[in-house]
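Here it is, the structure in full.
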There are 2 protein chains.
Amino acid sequence: MKLLRNALLETFVTVADCGGFSEAQYALGITQSAISIRIRDLETSLGYRLCDRGRGGFRLTERGETVYRRARSMLRSARDFDAGLMELRGTVTGDLRIGVADAVSSLPGLNLTQALQRFGARPNDVQLDITVASPAELTQQLITGALHVAIAPFRNQIADLEYEDLCQEEHRLYCGAGHPLFTLQGQEAAPQDIAQYPLCQRSYDRLPLAGLAAGEPAASAANMEALAMLIATGQYLGPLPAHFADAWVRGGRLREVNGPEMRWVTTFHLATRRGQMHRRAISLFAEDVRRSCQTPPAAPGPG
Amino acid sequence: MKLLRNALLETFVTVADCGGFSEAQYALGITQSAISIRIRDLETSLGYRLCDRGRGGFRLTERGETVYRRARSMLRSARDFDAGLMELRGTVTGDLRIGVADAVSSLPGLNLTQALQRFGARPNDVQLDITVASPAELTQQLITGALHVAIAPFRNQIADLEYEDLCQEEHRLYCGAGHPLFTLQGQEAAPQDIAQYPLCQRSYDRLPLAGLAAGEPAASAANMEALAMLIATGQYLGPLPAHFADAWVRGGRLREVNGPEMRWVTTFHLATRRGQMHRRAISLFAEDVRRSCQTPPAAPGPG
DNA sequence: GAGATACATGAAATTATTTTATGTATGGAT
DNA sequence: ATCCATACATAAAATAATTTCATGTATCTC
């Protein structure tokens with residue numbers, strides 16, 4: 001259903017996404033002629049050109065870029081608006097845009113797969129859309145409405161969003177095969193010993209590594225798997241979530257450094273925009289996440 | 001121009017505003033038949049009834065109320081969206097919804113009339129809409145987008161809004177004819193004397209009346225003129241902006257109590273929603289307000 | 001220069017919306 | 001109870017808006 005439909009804007013956004021009229025006709029399900037006319041009409045009523053096109057290629061004009069961004073956002077609002085009205089009927093519809101942090105799938109204490117199964121098992125007609133991004137990006141997208149919910153360790157919480165604690169994630173310090181500390185069988189390295197080796201960290205969301213050099217890490221990676229690979233080179237020490245590193249440790253590619261002395265805990269949150277909960281799909285999903293989430297024991301036992 | 005038009009929603013909102021189909025046909029410029037069909041189509045696609053109608057009278061259903069509120073807000077966003085796209089053309093259009101506090105027109109140090117004149121003198125095609133409300137209400141309306149700018153003394157500032165100091169307003173303590181303190185010719189009353197008389201205040205935006213009883217005022221009024229009337233009864237002491245009370249004092253209906261000892265200053269702000277300034281009309285108006293505003297001397301001289 | 005691509009355009013066809021004309025139901029007056 | 005006026009619903013006709021079809025123009029590639 002489309003209440004706040006606007007053929008012209010939707011056409012323009014699709015054309016921009018498709019990079020041309022001819023390609024967009026399949027996405028829109030209308031002929032290229034119709035697209036040509038719609039874009040012409042839109043440009044006429046706006047009074048300026050939105051894109052340069054022709055055999056020479058397709059390109060948005062500067063204003064076209066602006067209109068594209070705003071129109072995208074407006075159409076998203078319109079879809080959410082429609083979904084909200086449909087939900088008054090009792091049915092749960094619309095799309096639900098979920099953002100999660102890296103490597104959330106193996107997080108113990110939060111079974112996201114189960115949460116998604118539960119949500120899917122409800123009588124609903126919701127189109128799910130899941131993306132992975134850094135906490136900062138997730139925050140940004142929640143604010144603009146590009147996302148409805150996000151699950152990540154939100155270190156900086158902002159007033160516009162609403163946060164709910166979900167579970168803890170334990171980070172430990174690891175080294176890779178070839179690292180001087182890799183061969184220490186069962187022994188522990190002295191903290192001051194550890195401090196002299198180069199560190200790698202995630203480029204966003206740096207842990208406050210108490211006891212280690214607080215300076216710039218020697219290397220960083222935007223992605224958990226990428227970070228693990230860095231550590232696995234044997235050139236760096238680096239923190240990883242225990243649940244994530246486990247597979248690597250079992251594979252003999254990583255080894256924990258110093259055991260219980262070098263462990264940190266971060267909290268995962270479920271974040272939504274304030275007042276956004278009036279979309280039923282959102283609060284239902286939040287409920288499913290909550291149910292698939294058991295707070296781990298306060299004192300983490302040995303892996 | 002209407003890009004994000006939706007005949008159905010607009011029809012529904014207008015019908016609700018008009019309280020019936022027959023009346024709405026004049027507002028919408030279409031026949032009652034067309035309205036009937038549009039509302040039926042809207043209800044059909046939503047799957048629920050929006051209003052009860054007929055000879056028995058017109059009434060929104062419960063869901064209708066919800067849809068009405070949301071649709072109003074959505075249509076407002078759509079209008080602002082359109083205005084934003086039009087402004088990319090260079091012209092300044094759309095509507096500009098301004099909210100001001102009570103009695104802002106006589107505020108010295110801020111010539112709002114002049115600001116409006118300046119704005120009107122610019123080449124633009126903007127539809128102005130000015131409302132008067134309490135700071136709390138203005139804040140609420142800025143957040144929802146019902147207002148674009150507001151001018152008032154905002155004592156509680158919130159993160160979502162952006163505030164800019166405009167000017168000071170001096171408040172003094174007054175009594176009315178018939179009040180025991182009214183006849184004190186040139187003399188001052190002792191502060192502890194003053195404290196025993198009942199006070200009246202504005203129901204919102206209470207001044208911190210240093211030196212006076214901080215308890216509940218004996219009377220309150222939501223409006224400046226109403227407050228002045230309360231004081232003029234001779235039954236209460238009360239604070240008023242000096243610029244506002246002047247006319248009453250000259251008319252012999254009010255008299256200042258205690259002169260320089262009983263004066264308070266509040267700051268007027270111009271508030272907008274963060275990131276809202278990309279509507280050109282808004283920033284132009286803000287500029288006009290700024291230019292029509294001279295900060296008064298730090299130490300206020302005698303009236 | 002031929003062929004292909006990418007979009008524009010006029011006329012016809014189709015689809016959507018509105019009006020006209022009339023119907024139904026209800027409250028109030030007699 | 002009957003009649004009238006009000007308020008909305010509906011079918012059919014009229015009008016308007018949109019889309020397709022068929023074809024045209026320009027440009028890029030070879």
Side-chain angles (χ1 to χ4, degrees), chain A residues 1-61 63-65 67-68 71 75 78 82, chain B residues 1-61 63-65 67-68 71 75 78 82:
Chain A
M1 184 215 50
K2 284 282 171 48
L3 291 179
L4 251 165
R5 87 201 111 90
N6 186 320
L8 299 196
L9 284 182
E10 215 146 297
T11 302
F12 173 59
V13 168
T14 305
V15 164
D17 287 336
C18 293
F21 293 14
S22 338
E23 185 57 29
Q25 64 190 312
Y26 308 111
L28 287 166
I30 57 175
T31 61
Q32 169 268 317
S33 288
I35 295 177
S36 178
I37 294 169
R38 283 186 183 181
I39 297 291
R40 169 168 57 68
D41 289 352
L42 181 56
E43 288 180 332
T44 302
S45 70
L46 283 174
Y48 48 86
R49 209 168 165 71
L50 289 169
C51 50
D52 295 320
R53 54 222 188 237
R55 186 62 191 89
F58 179 88
R59 237 187 94 83
L60 292 181
T61 63
R63 283 160 168 172
E65 290 280 2
V67 174
Y68 171 73
L75 290 173
D82 283 359
Chain B
M1 185 214 48
K2 283 280 171 48
L3 292 180
L4 253 162
R5 84 199 113 91
N6 187 327
L8 299 197
L9 285 182
E10 215 146 297
T11 302
F12 173 59
V13 168
T14 305
V15 164
D17 286 335
C18 292
F21 293 14
S22 340
E23 184 57 29
Q25 65 189 312
Y26 308 112
L28 287 166
I30 56 174
T31 60
Q32 168 267 317
S33 289
I35 295 176
S36 178
I37 293 168
R38 283 186 183 182
I39 297 290
R40 169 168 54 69
D41 289 352
L42 181 57
E43 288 179 332
T44 302
S45 68
L46 284 174
Y48 49 86
R49 212 171 162 69
L50 290 168
C51 50
D52 295 319
R53 58 242 190 213
R55 186 63 190 89
F58 179 89
R59 237 186 94 82
L60 293 181
T61 63
R63 283 160 168 172
E65 291 278 1
V67 173
Y68 172 73
L75 290 173
D82 283 358

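All chains are named by letter (A, B, ...) in the order of the sequence lines, taking the proteins before the strands, and each is independently numbered beginning at 1.
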With heavy atoms under 4.0 Å as the rule, sort B/Gly20 into base, sugar-phosphate or nothing.
sugar-phosphate
Closer than 3.5 angstrom, by distance alone: can the side chain of A/Thr14 be matched with the main-chain N or O of A/Leu28 as a donor-acceptor pair?
no
Interatomic distance, OH@A/Tyr68 vs CG@A/Leu9, rounded to 0.5 Å, equals 12.5 Å
Which atom names give the shortest non-hydrogen contact between B/Glu43 and B/Leu50, and what distance separates them?
OE2-N, 2.8 Å
Using atom CZ of B/Arg49 as one end and atom P of D/dC8 as the other, report the distance to the nearest whole Å.
11 Å
B/Phe58 CZ to D/dA9 P: how many Å, rounded?
10 Å
In whole angstroms, the gap separating C1' of C/dT9 from CZ of A/Phe21 amounts to 13 Å
Calculate the interatomic distance between B/Asp52 atom CG and C/dT26 atom C1'; express it in whole Å.
14 Å
Quickly work out the B/Asp41 CG to D/dT10 C1' distance and round it to whole Å.
12 Å
Are B/Ser22 and D/dC8 close enough that a side-chain N or O sits under 4.0 Å from OP1 or OP2?
yes
Whole-Å distance, A/Leu28 CG to D/dT19 P, equals 10 Å
Check for a donor-acceptor pair, side chain of A/Gln32 on one end and backbone N or O of A/Ser22 on the other, with a separation under 3.5 Å.
no
Give every pair of a protein N or O atom and an N or O atom of nucleotides 18-21 of chain C that lie under 3.5 Å apart, one pair per line with the distance.
{"from": "C/dT18", "atom 1": "OP1", "to": "B/Arg38", "atom 2": "NH2", "distance (Å)": "2.3"}
{"from": "C/dT18", "atom 1": "OP2", "to": "B/Arg38", "atom 2": "NE", "distance (Å)": "3.0"}
{"from": "C/dT18", "atom 1": "OP2", "to": "B/Arg38", "atom 2": "NH2", "distance (Å)": "3.4"}
{"from": "C/dT19", "atom 1": "OP2", "to": "B/Thr31", "atom 2": "N", "distance (Å)": "2.8"}
{"from": "C/dT19", "atom 1": "OP2", "to": "B/Thr31", "atom 2": "OG1", "distance (Å)": "2.8"}
{"from": "C/dT20", "atom 1": "O4", "to": "B/Ser33", "atom 2": "OG", "distance (Å)": "2.9"}
{"from": "C/dA21", "atom 1": "N6", "to": "B/Ser33", "atom 2": "OG", "distance (Å)": "3.1"}

A/Arg53 (side chain) donor-acceptor with A/Cys51 (main chain) under 3.5 angstrom
yes
So, does B/Arg53 get its side chain near the phosphate of D/dT6, meaning an N or O under 4.0 Å from OP1 or OP2?
no
Does the side chain of A/Arg40 get closer than 4.0 angstrom to OP1 or OP2 of C/dT9 through an N or O atom?
yes
Starting at CD1 of B/Ile39, measure out to OG1 of B/Thr44 and round the result to the nearest 0.5 Å.
11.0 Å
Rounded to whole angstroms, how far apart are CD on A/Gln25 and P on C/dT5?
13 Å
Measure the spacing between CG of A/Asp41 and CZ of A/Phe12 and express it to the nearest 0.5 Å.
14.5 Å
How many Å lie between CZ on B/Arg59 and P on C/dT26, as a whole number?
18 Å
